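These notes concern the structure reproduced below.
These numbers were taken from a predicted model, which means no experiment stands behind them.
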Amino acid sequence: MVLLIVAILAGNLVTLAVILGTKHFHTPQGYLKASLAVADLAVGIFVVPLSVYAEIYLLATDSAPEWTSYNSQSVSFHPCNLIGPIFAGCTLVSITTIFLLTIERSIAVLRPLHKDSVITRKRTTILIALSWVGSFFLAVSPMVFSSEIALEYNSCSRMCNYALGTIGEFPSQAWNILLLFPAFDFTLLGGTVVINLISLSSIRQHSKRRRDLAETDHYHCQSQTNKPTFSDIKAAKTIGTLTVAFTASFTPIAVFVVGNVLGNIWCNFSFFAFWILASNSCWNVIIYSVRDQKFRLRAHKLLVPFRRNDSTKTG
């Protein structure tokens, strides 16, 4: 867990430093990636450290912290009242941001002539703000709209989870509210996958035409105006990789939630499901570094001075 905190903080701080400190990345796509990095950073600052504290306390005293034995309905303030919605909200922000990145890239690939007029910094900033407000509203809605739902520190997942408070019978209206999360997430992820497939199909057709057609002046002129640039194509493939990574990390959580609604208790599975999702917060910087050469070079320039300083101090 401690290593995961270090990876999340280091990776996303580098991402923010590269995006905010490089004029090349001051674009709508860069703003969306910065928003994604902030959401991931919040997981490393708030969510994982609480689990680390609870586990270290348990190891040191052979007993869990007192607040882990009751839920948020039992006291006026419970740590999970803050951490639970942060984790859920940041997860929803990540899904929404990846969806917006996919839309932005699809326009750049399918309608390159309209890219600059449709995708503007102002519109992107507004969409980012709406995604944060909407995601966190959805994150707190289970407690707002149902008196049956509480937050608790789950001994299986080692995280703050939504759970039934004082009412435990099944079926319950509360379960229908909890199903909103996987329904919303998979709707966006499904749309993201479909849009990515359309964009990648267009890229494949464009590449095939470039190989098959003769390089005439007419074709060359047309390709420069009506076809996506190489950087747009590469960025679209990067967003496709992000989509695959997030879908893979979120799917176990969705399976777990649906299983809970059906009455199954999967303790070991819940641990792996939640921590696979948390680990996704450090994947993005790895994907950027592998897929984006400009990002990799800029990150290397940022890290080289620190390495030199460390070697100087060591000497």
Quick one: closest heavy-atom pair of [X] and [Y], and the distance?
| X | Y | answer |
| --- | --- | --- |
| His26 | Ile19 | CD2-O, 3.1 Å |
| His78 | Ser72 | CB-CA, 3.8 Å |
| Ser35 | Val93 | OG-CG1, 4.3 Å |

*If the plane angle is over 60° it's perpendicular, under 30° parallel, otherwise tilted; pick one for Phe136 and Trp132.*
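Rings of Phe136 and Trp132: parallel, as their planes differ by under 30°.
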_Once you measure the plane-to-plane angle for Phe87 and Phe274, does it fall in the parallel (<30°), tilted (30-60°) or perpendicular (>60°) bin?_
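Geometry flag for Phe274 against Phe87: tilted rings.
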*Within 45° of the six-membered ring axis of Phe25 and under 6.0 Å from that ring's centre, is NZ or CZ of Lys33 located there?*
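That pair does not qualify as a cation-pi contact.
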*asked:* Looking only at the aromatic ring of each residue, does the gap between the centers of Trp67 and Tyr153 stay below 6.0 angstrom?
replied: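 Yes: the rings meet the under 6.0 Å criterion.
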Is [X] reaching over with its side chain to a backbone N or O of [Y], donor-acceptor style, under 3.5 angstrom?
| X | Y | result |
| --- | --- | --- |
| Tyr162 | Ala139 | yes |
| Ser249 | Phe246 | yes |
| Thr102 | Ile98 | yes |
| Arg158 | Ser155 | yes |

*asked:* Would you say that more than 12 heavy atoms from the other residues, nucleotides or ligands in this model lie under 6.0 Å from the CZ of Arg111, or not?
replied: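 No, not enclosed.
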